[in-house]
Amino acid sequence: MLTIAILLPILAAIGVGLARNVSTGDGERRLQQVATVVAAVPLILLLVAWSRFGGSGGFEQVETVPWIPTLGVAWKVGVDGLSLPLATMTALLFVVAIAYPVDFRGRAAAYLALMLFLEGVSIGLFLAQDLFLFFVFWDVSLVAMYFLIGAWGHGDAARSALKFFVYTFAGSLPLLLAILALYLASEPRTFDMAELIRQQPLAGAGLYAMVVFLGFFLGFAIKTPMVPFHTWLPPAHVDAPGPASAILAGVLLKMGTYGFVRILMSMMPDAFADLAFPLAVLAVISIVYGALVALAQTNLKRLIAYTSVNHMGYVILGLAVAGVVAPGQEAAQRLALDGATLEMVAHGLITGGLFLISGSILTRGGTYEIAEYGGLLDRTRGLTVGTAVLAFASLGLPGLAGFVAEFQIFAGTLGVFPVLAMVALIGIVVTAALFLRMLGQMFLGPLPERWRSLPDLGRVVLGAIGLLVALVVLIGVAPALVLDVIDSFVAPFVAG
Amino acid sequence: MILLAPLVPLLAAGAGWWLLPRRGSGWLLLVALVLTMGAAGWVVASSTRELTIGWGPVLSLSLGATAFGATMLLLIPAIAAPIIGYAYVTEAASRRSLVPLLLVFVATMELLVLSRDLLMLLVAWELVGAMSWLLIGHRWRDPGPPSAARITFITTRIGDLGLYAAAGVLFAATGSFRIDAIMALDRPAADLVAAGLLLAASAKSAQVPFAQWLFAAMAGPTPVSALLHSATLVAAGAYLLIVTSPLLGAVPWFLPAIALVGLVTAFAGGVVAALQSDAKPALAGSTSAQYGLMFIAIGAGAPAIAGAQLVIHAVFKSLLFLGAGVAMHESGSGRLAGMRLGRLRPVTALLSAIGLLALAAVPLTGGGWSKEAIVAAADERSVLVGTLVLASGALTAFYAMRLGLLMWGPGQRGTAREERPRLRADDLTMLPLAAGTVALSMLWLPGGAAWLAGADGRGFDLFSLLLSMGVIAAGALAAVALDRRGTLLAPAGDRGAELARTWLGFIPLFQSAVARESMRLADTLARFDARVVDAGVRLIWRLTRTLSRAIAYRDVVTVDGAVRAIGSGTLLTADLSRIADERGVDGTVEGTGRAVGRAGLESRRLQTGMSHEYLQLIAAGLAVALFILVIAR
Amino acid sequence: MAMGTDMAVMVGDVIPELALLVGAVIVLLLALTLPASRQAWVAWPTLIALLVAGIATVALFGGEERLTFAGTYAVDAAALWAKLFILAGTAAVVLLSVPWFRKDPRHGEYYALLLLAALGAVLMAGAADLKEVLVAILLSSVTGFVLAGFHRRSSLSSEAAIKFYLVGALANTTALMGAALLFGLAGSTTLEGIGQGLAAGGEGARPALLLGLVLLLGVLGFKLGAVPVHSWVPDVAQGAPAPIAGFITAIPKVGAFLFLARLMLVLPEGVDWQPLIAVAATATMTLGNLASLWQDDVRRILGWSAVSQTGYGLMAIVGLGASSLALPALLYFLAAYVAGNIAAFGVIVELRGRTNLADFDGAGRVRPALLGSLAISFLSFIGVPPLAGFVAKLLLFAVAIEVGYLWLAVVAAINTVISIVYYVRVLAPAYLRTPAGPIATLARPAAVATYLATAAVVLVGLLAEPFVAAFSGRPLLP
Amino acid sequence: MTLDLVLIVAAGLFSIGLYGALSQQSFVMLMMGLELMINAGLLALGALWAFSTAGSAQGQMLGIVFMTVMAVEMAIGFALVTHVYRARRADITEKLRKLKG
Amino acid sequence: MIPQPLIDALFVVFSIGALVTGYRVFRTDSMVRAAFYLLASFAAVGGILVLLGAEFLGMVLILMMAGEMLVMAIMMVMYMMNPAGLNPMWMVHQHRRAVVGGVGSFVVLVGAILLTDFPSASRPPNLAVTEQLGIELLGDSMLVFQTAGVALLATMIGVVVLASQRGRFGSAEDGSAEPPLQPDEEPA
């Protein structure tokens with residue numbers, strides 16, 4: 001079933017990509033509807049998987065097909081408390097992103113095919129229980145995203161796409177080397193994650209383990225992205241079409257943090273514990289730096305992009321806290337890891353929504369410059385409310401998804417790295433400032449003459465954003481829905 | 001069931017969004033307000049003491065009415081009801097959004113006072129803050145309110161960090177967020193929690209140095225100001241300390257620090273109120289000062305009295321704000337200079353006067369009682385503090401009198417329209433508040449204090465009472481005297497008015513020193529980010545390029561290339577120094593790309609297209625290969 | 001060594017080779033008899049010869065690994081696989097050639113030479129003897145020179161041929177001195193004998209051994225296009241007829257890599273050849289990638305990229321003997337590389353030799369399938385999963401890491417990143433720009449070959465198991 | 001006549017040949033350099049065959065291979081040079097530099 | 001059998017001859033003369049080979065080179081400028097580097113030769129050299145021999161392809177070019 005959730009969109013992508021006669025608006029719309037329906041299937045399958053989820057702490061619903069047994073490679077997918085929420089969030093975000101109206105530039109089939117392909121790949125990454133498979137999905141996602149940005153982006157899209165591709169590919173290669181090092185150290189050699197977690201191949205490998213750690217770290221830190229490896233992010237976001245940005249921020253960035261937990265913390269816990277403090281420091285730098293740089297941005301998308309740096313910093317901070325050796329603080333570590341994982345989901349929904357909205361703003365106003373706008377609340381209630389809720393969620397307002405996650409991270413961090421937590425708290429104020437400033441400048445105040453006829457969001461968009469907002473609220477009000485699943489992974493993990 | 005208290009107003013708000021535009025919605029609103037109060041009362045009366053909601057595997061939310069919490073729970077809807085009524089009456093155009101928001105505001109505040117753990121408290125706390133953003137920015141079409149709302153939210157959020165920290169430290173130390181767990185804390189953790197709570201409370205209750213956000217908050221409609229000054233937003237800070245200060249006995253500096261903050265604010269706020277030339281900011285200054293008194297009471301170890309002061313202040317301050325709203329409406333602006341509406345709105349003037357008496361803490365009013373109690377409590381701790389509080393009474397009396405005269409004084413006969421005194425709808429909403437203010441005078445009755453403050457109903461000693469009266473009279477008389485001389489509007493001249501407008505200089509301090517500097521930092525970082533962050537990466541790339549160029553010089557591989565090698569070594573050095581030079585100017589990844597690109601061009605030079613040079617390359621290459629083989633052992 | 005009765009057995013070991021030779025002769029004779037209008041038919045016997053050779057090769061798989069012809073020729077799994085790659089690649093080149101050379105009447109000579117070139121590569125792959133490898137290289141080279149210069153009216157073609165020749169002749173020549181020295185030291189020319197002889201030689205043999213080795217490696221480097229004997233590769237890729245460019249940059253490499261592997265394995269203990277190969281790999285991949293960066297000619301880009309790919313392949317050689325993954329990595333890399341290279345050049349052929357970068361604007365929209373093939377082959381070169389190139393790189397990196405050459409893997413990784421730029425420089429305008437005009441293609445056979453090669457790139461990647469399993473666990477003779 | 005002496009003569013021939021191959025502009029002269037190098041290889045082979053390998057039959061065969069290489073290289077070389085000279089009027093290496101970079 | 005002193009003397013003569021004539025190849029004003037110097041050098045080497053006992057190889061070398069050099073000389077007369085050495089001929093490039101290459105290779109080679117202990121295993125004096133080669137050719141080295149034959153076949157075909165201006169169906173140049181980018185265009 002999980003296999004279907006991965007392969008169906010990929011195969012459907014081929015079908016959609018070969019679709020003919022979609023040059024007319026009608027044909028495009030119909031194809032988009034078909035693609036949306038296809039995209040929803042994995043979501044349904046994952047929800048079924050969710051309903052069957054037992055919370056045993058290990059991998060469940062595992063499906064294994066030998067792939068390259070000689071090398072210990074298998075098509076092995078499954079879920080646990082970490083991957084299930086992320087995969088489900090991914091599927092959901094893709095449904096929304098695929099349904100989202102976008103300027104196809106006469107190539108609807110290719111666009112939708114790429115999106116579907118990317119959906120399968122992204123879900124696959126989170127479900128993969130095999131490092132080889134994981135890396136396959138990891139790398140392929142870059143290619144699909146490259147074309148999405150390059151072909152449907154705006155501004156200097158080709159260049160931004162190339163920068164994205166080269167930079168993130170540069171990150172994926174150390175990752176590959178590190179995976180290989182892990183593989184070569186295992187006995188019997190295998191790429192199977194569960195087996196590698198059991199074996200802990202590099203335990204006590206000293207300097208070598210550090211080098212391997214560095215490889216993983218580079219790969220994940222670039223993808224996440226952590227300061228100072230983040231400079232690919234703003235141009236990629238600014239020039240990408242709205243839905244692609246949403247996927248980039250909502251899904252692709254999570255791959256980095258997911259990798260931190262799934263690989264570094266699980267397979268090399270000793271090395272991770274040794275380096276957790278520097279990692280936490282880097283995370284705090286990301287938090288504060290990302291927030292401050294975002295504050296200075298005048299471009300809506302750049303602003304949101306930098307808040308991603310900030311939020312991903314929270315995630316890493318939570319991970320570092322959970323990974324360090326801190327006797328007596330297991331509860332705090334559990335809290336931190338719960339929070340960090342939830343933050344991945346929450347950030348996916350929130351920032352995904354914000355990027356979708358900024359895409360709509362661009363199609364309406366033709367620019368991302370915040371200062372160009374003003375008083376839009378007058379014309380666009382739906383747009384404003386959606387933006388405001390998501391912005392508040394992003395700045396961590398209780399009752400919305402971001403708060404639960406961030407609060408747990410902070411509370412956990414205070415138990416382990418109190419000073420860092422205090423510094424990181426600055427981020428909360430700065431993000432509040434920048435989002436409120438953005439909201440104020442764009443939606444409040446007097447309405448400039450040129451926007452008198454700005455249309456509000458269409459039905460599809462409202463529905464899409466509404467769905468995300470509803471989920472953000474739902475998680476914010478009843479986080480246990482997701483946290484219980486997450487904790488089924490976290491509690492045994494932290495307990496060791 | 002406990003959830004009913006916040007849920008009812010929340011539902012009412014939802015219903016209001018649909019129903020308010022219709023006819024006859026006033027009655028529905030009344031029903032909603034009554035239900036809200038009823039729900040609060042029912043929760044207080046019900047036997048359920050506590051409710052715990054699982055909020056996740058580790059997190060849980062506890063709700064329940066503590067003793068003081070119950071008081072607050074009742075107070076909030078009681079204060080809010082007239083105010084919302086006032087909003088319904090006066091803000092007809094925007095009532096559809098304003099009234100529901102106010103109801104939500106009430107709901108969040110009720111949630112706050114029901115919180116039994118710091119997590120729930122933080123949730124409600126932040127929600128209250130967010131609601132304040134929505135309410136203060138309610139007149140969003142004007143350019144001012146949105147930024148005022150932002151200042152409010154951000155300033156209080158700086159304080160919120162304290163609460164975050166306190167909650168986290170509490171959890172780290174005890175494994176629980178429960179407020180009663182604070183008691184069990186040991187010193188370093190307890191210190192952190194205490195500091196966090198003080199920070200949070202100071203910011204929320206508009207204490208120095210955060211007090212100035214209250215000015216910004218005046219951008220909101222009058223009912224909003226009335227509500228957030230009395231029973232909600234601002235009250236949250238004092239409430240927090242009232243609830244938690246008894247639990248932090250382990251921290252010796254905690255109470256004195258609270259008292260100090262309160263004392264400074266009491267005077268500073270008083271001065272601001274006395275010098276302010278606009279109605280609402282003057283009241284805002286007085287709010288700070290009054291909460292300063294509460295802080296002093298808490299610091300003096302008498303949280304019960306602080307609680308009483310909170311209740312009393314809530315009642316009369318909301319009354320005063322509604323009055324101010326009427327005055328502003330009538331005079332068309334918030335400037336005190338154009339008011340003196342006593343003749344125009346005698347009923348309103350009368351109702352306001354009741355509030356002003358309580359503000360001035362005239363004995364036999366509720367305000368008078370609480371102030372005397374604070375003086376007494378402070379005296380017990382330190383005679384100096386007691387004396388200072390007593391002295392601040394003069395300031396309070398002065399600005400109360402000043403406001404009364406400037407707003408509601410009789411004014412020039414004939415300049416204003418004169419009407420037959422009658423009770424209007426807006427006056428009607430003030431009536432319950434005025435009644436409440438009067439009713440609170442019963443505190444002076446023997447045993448009267450017991451039900452509100454749970455405090456002993458001890459009397460005040462006569463001497464200090466007389467002294468207070470003297471001080472108050474002096475303050476009031478000073479105001480009258482200044483009025484006679486015509487300088488009441490600007491008692492300390494332009495400079496004083498300026499000081500008041502800038503909250504004794506705090507506003508520019510925050511705006512330039514904090515806000516602008518952080519903006520500048522942000523800008524600098526953004527520039528840094530765009531230009532320099534990749535410098536490290538770029539350096540590596542440049543070295544690669546230089547290296548490849550060195551390799552690419554085909555001459556290097558031949559014998560006479562030794563000279564060239566020196567030459568390219570020089571080039572390398574030159575390159576390095578240029579990199580160092582350019583670092584700050586141009587550090588983009590694009591620079592990286594260019595560097596590699598140049599490396600590409602350089603390496604192409606190796607392929608000269610001339611076959612004899614290919615052959616030479618082979619000969620040289622094989623020689624190098626032999627060399628490697630020979631040395632590789 | 002026994003003679004006579006064994007001869008039949010031995011001939012049985014070289015049926016694929018004989019099929020190619022006979023095929024070449026038949027093609028020649030047939031071309032002499034066919035009228036002008038039917039000359040192109042000789043492509044059929046060419047294909048049949050390749051097919052027969054392929055079947056014969058498959059049939060040989062059942063047998064044991066063995067040396068034949070007095071130890072001069074190896075029949076082992078690696079050689080047989082290599083032959084299959086060579087034969088399949090050559091067959092694809094034949095298909096590419098049919099439309100490309102339609103106007104050229106000299107079909108007989110062309111296909112005969114092509115078959116003989118394939119034979120040369122096949123013989124290199126099996127050679128276990130210095131004499132044999134020298135003549136095999138000679139055969140492969142001499143046909144290559146001629147094929148590269150086959151376009152008589154193209155000045156680039158003849159220039160490519162003579163540069164190819166000059167570099168090759170020098171490499172061949174120096175190799176002779178190397179072979180003489182090795183023979184002198186070991187007293188034998190078979191690899192088996194050399195291994196034994198050198199092992200007995202001890203420390204005193206070292207200077208001449210190293211010199212001879214380097215001289216011999218020169219000619220292998222020439223066939224591989226490894227630095228410093230790489231200079232011909234971009235010139236030939238650009239100047240030679242496009243199908244031949246695809247052939248020469250890939251097929252002989254298969255044979256050369258195998259012989260290089262065999263040679264390295266017989267070297268005695270004291271010779272630390274790994275650093276040399278590692279350095280050569282580094283230099284080769286780095287130079288290839290850097291030089292590719294700003295080329296404006298797609299064929300030339302492919303030529304330089306062929307150089308860099310050789311560098312990657314050399315990583316497998318570094319691990320030979322120490323890593324059980326080395327041989328599978330090498331074979332897998334060769335399979336992936338041959339398929340990818342044929343696909344890429346196939347696209348160029350099918351696009352009628354379109355090679356100017358500026359001519360590719362919007363080609364992805366006009367010819368989505370063809371440019372899709374190009375994209376897949378490029379992505380495979382980069383090493384994007386799940387394409388064959390990815391598994392190849394994964395194995396190569398694994399080998400390097402396993403034998404302690406982490407730095408080499410890191411260098412290769414950095415190079416891979418650099419390489420993205422030039423591959424994308426071709427693909428980006430093809431997909432992101434608007435087409436300037438119609439883009440004509442050649443006839444169907446070239447497209448078929450291109451798509452088959454593309455499918456191979458995908459399938460070999462997706463269904464890697466049979467290949468990896470088949471490449472593993474079988475020894476490399478001698 | 002010792003092994004070392006013959007080998008040194010061979011080395012000399014090889015070096016002269018290499019010098020020629022590197023220095024001559026004319027294709028034909030360049031090829032003569034290559035010839036000399038093969039010549040040297042053959043001489044070295046002969047010496048090693050006679051002094052070091054006990055007259056191994058493989059050595060003689062290797063010599064045949066050397067001569068084959070020489071013959072083939074020269075034949076193809078002449079053909080190519082002829083062809084290029086006809087096509088491009090080029091007889092020295094410097095005249096062929098369209099393909100570069 | 002030739003006596004050893006005579007062998008040594010002949011070796012010295014042949015060696016000097018080979019080196020000197022080899023050197024003269026690149027120090028003459030006529031390519032034809034260069035070809036004959038080369039032939040002389042080969043002949044000297046052939047002589048040494050004979051002295052070493054490889055009569056067959058030596059003789060074949062001399063015969064083959066005689067033929068080849070004739071061809072070369074004819075070619076030079078046909079195509080190259082300055083065939084008869086009427087003008088001084090000095091056509092070199094990168095001369096200094098070439099000298100370095102030559103000298104360097106000599107130093108390396110001699111160094112390697114002198115530093116190496118080659119196995120000492122002299123040819124048996126009564127070895128039937130030609131017979132040995134024949135058996136080898138048709139026995140153990142059968143495959144090599146065949147391959148060499150194929151290489152020669154390929155060379156013949158190749159030489160025809162490259163050098164012949166006439167094909168079976170007219171000029172060899174016809175259609176021998178890349179297809180044009182558009183089907184109706186002239187070939188590039």
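Worth knowing before you read on, the calculation uses all heavy atoms, side chains too, and leaves out hydrogens, waters and symmetry mates. All values derive from a computational prediction rather than experimental measurement. Residue numbers begin at 1 in each chain, while the letters A, B, ... track the order of the sequences.
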Counting C-beta onward and ignoring hydrogens, is there a side-chain heavy-atom pair between [X] and [Y] closer than 4.5 Å?
X: D/Leu7; Y: D/Leu48; result: yes
X: D/Ile92; Y: D/Phe27; result: no
X: D/Met67; Y: D/Ile38; result: no

State the OG1-CZ distance between B/Thr155 and B/Arg150, to the nearest 0.5 angstrom.
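It is 10.5 Å, given to the nearest 0.5 Å.
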Are there donor-acceptor atom pairs under 3.5 Å between chain B and chain D, and if so which?
residue, atom, partner, partner atom, Å
B/Gln607, O, D/Gly101, N, 2.8
B/His612, ND1, D/Thr93, OG1, 2.7

Can you name the closest pair of heavy atoms from B/Phe171 and B/Val58 and give their distance?
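Heavy atoms only, the tightest pair is CZ-CG1, 3.6 Å.
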Which heavy-atom pair separates B/Ala148 from B/Ala216 by the least distance, and what is that distance?
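Residues B/Ala148 and B/Ala216, closest heavy atoms: CB-O, 3.2 Å.
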